[in-house]
Amino acid sequence: MYVTTAVAALPTPSPMALRLLPVPVCQPPYDDELPCPGRSTTTPLGPLRGLAPLLRLVRDLPLDEEPAPVRTPASELPAAQPVARALVQGLLEVLAGVRPLLQLRLSTSAELYDVLQTRAPRTPLSGGQRPATGAVRSVHVQQQDDGIAEVCATVRRGTRTTAVALRLEGLDGRWRCTELIGV
């Protein structure tokens, strides 16, 4: 047996009145739209107004020019031995193709980074064999000058055991590898 119910007629909504609103301006005006085109805008505003006679324009550095690194004494740097061990492990992983070279950018000098770009794979290999955790067998650090450490490490690459020598310099508050031999 079927039951039918009567559906009451719903009131139809009244048509909404449409209004035209102006679109807000979201970009600054063009130079020819400025209110006072003859006025100079070189005078600083606000609290810098008193410094206007002292301010001068300086030439921007080109984008490819980096400022010279600042030497950091060893007393302001962390211990060199753990940094060297982590850096050698990272270098092995980069050369094996399982870590991107970009991760070592802050740990190397610009010259060494350019050399490593020619030796390391362009893109990390998805099936690359990661060096074992114990691939860095031993690390010996000798500090002769303040802020300079010479490092010799014994590493295992596959079935071979080789030596790696590197020079760490304290630059810009961190140890940076500037020379590398044996990788």
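Checked by atom type and distance alone, the side chain of D172 pairs as donor or acceptor with a backbone atom of V70 at under 3.5 Å.
The heavy-atom pair separating V164 from G182 by the smallest distance is CG2-O, 4.2 Å. The minimum heavy-atom distance between A153 and V88, with the atom names listed, is CB-CG2, 4.2 Å. Of all the heavy atoms in Q89 and A135, the pair that sits closest is OE1-CB, 4.2 Å. The heavy-atom pair separating P73 from D146 by the smallest distance is CB-OD2, 3.2 Å.
Every side-chain contact (heavy atoms from CB on, under 4.5 Å) that P78 has, sequence neighbours left out, goes to V83, W175. Shown here are the side chain to side chain donor-acceptor pair (under 3.5 Å) partners of T161, two or more places apart in sequence or in another chain: there are none. Q81 pairs by the side chain to side chain donor-acceptor pair (under 3.5 Å) definition with nothing, not counting sequence neighbours. In this structure, the side-chain contact (heavy atoms from CB on, under 4.5 Å) partners of E179, at least two apart in sequence or on a different chain, are R167. A search for side chain to side chain donor-acceptor pair (under 3.5 Å) contacts involving E150 returns nothing, not counting sequence neighbours. Residues passing the side-chain contact (heavy atoms from CB on, under 4.5 Å) test with A79, sequence neighbours excluded: P82. Applying the side chain to side chain donor-acceptor pair (under 3.5 Å) rule to T108 yields no partners; only residues at least two apart in sequence or on another chain are considered. In this structure, the side-chain contact (heavy atoms from CB on, under 4.5 Å) partners of I181, at least two apart in sequence or on a different chain, are A165.
A heavy-atom distance below 4.5 Å is found between the side chains of L95 and R157. V94 is not listed as a side-chain neighbour of L116, based on a closest heavy-atom distance of 4.5 Å or more. Contact check for T178 versus L168: no side-chain heavy atoms found under the 4.5 Å cut-off.
The CD atom of Q143 lies 8.5 Å from the CG atom of L77; values are rounded to the nearest 0.5 Å. One distance of note links CG of L166 with SG of C152; it measures 9.0 Å at 0.5 Å rounding. Annotation: the span from Q142 atom CD to I148 atom CD1 amounts to 12.5 Å, rounded to 0.5 Å.
Connection of V141 to L171 is not established within any shared hydrophobic cluster, with ILVMFWY side chains joined at heavy-atom distances below 4.5 Å, either directly or through further cluster members. Residues Y113 and L91 share a hydrophobic cluster, clusters being chains of Ile/Leu/Val/Met/Phe/Trp/Tyr side chains in contact below 4.5 Å. The cluster map of Ile, Leu, Val, Met, Phe, Trp and Tyr, joined by side-chain heavy atoms under 4.5 Å apart, puts L102 and L112 in the same cluster.
Note on residues 70-88: pairs passing salt bridge (charged side-chain N to carboxylate O under 4.0 Å, His left out), not counting sequence neighbours, are R71-E169. Listed by first then second residue, pairs satisfying salt bridge (charged side-chain N to carboxylate O under 4.0 Å, His left out) with a partner in residues 110-120 number zero, not counting sequence neighbours.
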Steps toward side chain to side chain contact (heavy atoms under 4.5 Å, CB included) verdict (L101, Q117): CA-CA 7 Å; L101 178 62; Q117 278 184 322; 3.5 Å; yes

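Among L87, L180, V139, the single residue meeting the side-chain contact (heavy atoms from CB on, under 4.5 Å) criterion with V151 is V139.
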